[in-house]
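So you know, we letter chains A, B, ... as the sequences are listed, proteins then strands, and number each from 1. Remember, predicted model here, so these are calculated numbers, not experimental data.
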Amino acid sequence: MSDRPAVRRSNFLTDIIDADLAAGRHSRVVTRFPPEPNGYLHIGHAKSIALNFGLAQQYGGVCHLRMDDTNPVTEDTDYVESIQFDVKWLGGQWDGEVRYASNYFGKMYELAEALVLAGKAYVDHQTVEEIRKNRGDFNTAGVNSPFRDRSVQENLDWLRRMKAGELADGTCVLRAKIDMASPNLLMRDPLVYRIRHAHHHRTGDTWCIYPMYDYAHPLEDALEGITHSICTLEFETNRELYDWFLDQTGPWTPRPRQYEFARLALGYTVMSKRKLLQLVVEKRVSGWDDPRMPTVAGMRRRGVTPEALRDFADLIGVAKNNSMVDIGKLEYCIRQDLERTSRRALAVLKPLAVTLTNWPDSTIEQLTVPWWPGDASKGTRQVPFAKHLIIEHGDFAEEPAADWKRLAPGREVRLYGAYFVKCFGVDRDPLTKEINGLRCSVDLHTKGGTAPDGRQPAATLHWVAAKTALTADVRLYDRLFAVEQPDADGDFLQHLNPDSLTVLQARLEPALASAAPGDSFQFVRQGFFVADAKDSQPGAPVWNRTITLRDTWAKPAAPAKPAARPAAEVRAKPAAPQLGEGHQARLDWLEKHPEAKELCTQLGAEPSAFAAFAQNPADLEFLRQAIAGGARPADAFRWQRNELAGLLAARKTTTPPFGGKEFAAFVRLVTDATITTGAAKQLLEHWCEHGGDPLALVDHLGLRRVDDTAAIQVAVRQVMDQHSAEVLRFRAGEAKLLGVLLGAAMRAAKGADPQTVRATLLQQLGE
RNA sequence: AGGGGGAUCGUCUAAUGGCAGGACCGCAGACUCUGAAUCUGCUUAUCAAGGUUCGAAUCCUUGUCCCCCUGCCA
């Protein structure tokens, strides 16, 4: 995607892909970016684009660009164009042609008929309200539709009439027959097709029924051979349905899997399409590409580069945490890129006239100034210097503060690329008394900015010559919203930043007249500016400020930092264990189950914790069998609860691949000291994965306990030799390195007792 | 209430039972023809309580807090 050295990104998705590749589930990675063509792409999409295209690139796979155009009433060809443009601009290179969900309408319909034939879908004539009402809610199961048990033939007839256009919008829908009592509301007979007599931007009037997202999306993925279907967190609940539809229509090779990551939330802006649209419609901004908008088009016009956006995506990473990204990170990426790519130019935003009293009236000197500071080889331009100059109003103070470095009465400064000047007089408007001009002298021996005597002024100022300076519109943009979370409460519009746009008539050095639309410059000491691509005229660019320079001196614009959490408040939190109502309920449960209670007493287990465990009948029975099999009760309980449970959870199951009796044999291995605890964990993991006989596995895996102290000493010695640096540091006082050394020693002295190894290590370390 | 997710410096994110790391921000200094950039250094974190383990951010238990799900949108 870019020519930068490929960085190895590591996140939960690369972990999954690594595992898939290692296990041979896929031989190559196919991802997709599936926007709905009903709006402009924004920076959140840019994150998704970087992710999907980046993952494909990182693994040598491909990424598809697919328009998810299943709802004809909101979608449009114009959006299709802008989306393609933006994706390309961001550097996304999709595999083959642009794809469209609508390309698969025929296949999707065939599969829907197959669903009906298989008795897995039915046509429902309930009204919208009835469907909603009968779906139930979080606490109550839904009720079956009266049309749920229609015959296959009847369903097929109705479906074909829907497709044939015989029915008006809303007459009926096709629903999947799943489970109206599912705790996941999406599984309560979700809609598959609805009737929409609407013109589709691609299929025209061919169809009058359109598939719903939950049905269409998995099929689009499967049909395209997508391996990893990556979407945002709010679709987690939809995954069960995604899998259901694929299971009912498959088998598919490859079989796509859906994974979810946290969408981007950025401070001082809004990201929802609805709110962005509202800003446009209500003319709070000039359009989708207003430079203050977080849209890709807006940022492009603002002067943000695709490189900056990609760097930003890399910087913020990918995870499942709901997070709010500090907008400063975006600003950092923008500055960092522009810093190394932009030419430097002189422009004065708020003018203050300067007259050089010792400069000849009519002399205009052309100074040659490099576009890149300190590197004339990359190009120079002529900058005229004359008697009447303009400097930045804010660069002069009549009564300077103690740390003031700029111009003041009696002080000398350097003019960028030109001469040293010294102020000796201030002119005022006779009426307002405001300063309207400075009288200065110029040191003619400092041409180019260096003094023969080597003196260095405290400041270097930007400037232009009054007579030759261009006058141009410069638009100063700031954050669109005044608060970090505009949509946290109430109406987000009330948080609009009234100062998000300021238009100035600025004075520019003449060379800037030839800037092409889209050209970026750093206006020295001001910020990065781009010639607007829309409003610039040939020879007369209009400028947008992309971003200011970082300013560590005067920081009025810096947002107040949220105060650090007061430590006292943290400590004030009650340290006492909080026992919820579940605690008492579990104790009550134990009272009602004397057998379990007796077992609990026998184990010496904490009653509430044991009850929580014992409330699962399968787990309790497993434990009973283990005890019956001869395992010491407390050990059986501990190993089952602390170790086995975790291993099973990691394998997404609850039933172990062996019975309680076999488990007892395993537990006895530890109790009778045939193997150490550490070895037992290894054994258990292997056993869960591959099955077999635990006793045989002990020798097969070489886990039998080793008590040979001589062998342990050799192993420890070896480890110390291999980790001499750590040993040195440990001896120098870094006690935490004992863990590293001990870990290595444990692995070397396989099967040895940890205490013995530890003692041996400590002893040798002390020598 | 039910279901699905999540909790690590102020912010974002690593560490897959063995040295809590990086980046942004901030602070201090150096350098500077941009109070920028660059360079150097520094401050700051495992939601809580128990348990398992030689060793826990990581495994187990119980809590706490946050997000998502009841469109014929995607």
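Put simply, the side chain of R729(A) and the base of rC19(B) share a donor and an acceptor less than 3.5 Å apart. The base of rG18(B) is not paired with the side chain of K736(A) by any donor and acceptor separated by under 3.5 Å.
Side-chain proximity of A612(A) to the nucleotides rU53(B), rC12(B), rU61(B) is greatest for rU61(B). In the set rC24(B), rU52(B), rG35(B), rU52(B) carries the atom at the smallest distance from any side-chain atom of R638(A).
Between rU13(B) and rA1(B), the two C1' atoms lie 35 Å apart (nearest whole Å). When the P atom is used for both rG3(B) and rA74(B), the distance is 28 Å, rounded to whole Å.
In this structure T756(A) satisfies the side-chain hydrogen bond (donor to acceptor under 3.5 Å, both in side chains) test together with D753(A), sequence neighbours excluded.
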Q: Take E240(A) and L186(A), measure what side chain to side chain contact (heavy atoms under 4.5 Å, CB included) needs, and give me the verdict at the end.
A: CA-CA 8 Å; E240(A) 191 180 0; L186(A) 285 172; over 6 Å; no
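Salt bridge present: R406(A) and D395(A) bring a charged side-chain N and a carboxylate O closer than 4.0 Å.
Taking for each of K320(A) and L742(A) the nucleotide of RNA chain B with the nearest heavy atom, the 5'-most of the two is the partner of K320(A).
Taken together, the paired segments of RNA chain B that extend over three or more consecutive Watson-Crick or G-U pairs, each closer than 3.5 Å at both contacts, are B:2-7 with B:64-69, B:10-13 with B:21-24, B:26-30 with B:38-42, B:47-51 with B:59-63.
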Check nucleotides 67-70 of chain B against the protein and report each pair of N or O atoms closer than 3.5 Å, with its distance, or say if there are none.
{"from": "rC67(B)", "atom 1": "O2'", "to": "N322(A)", "atom 2": "ND2", "distance (Å)": "3.4"}

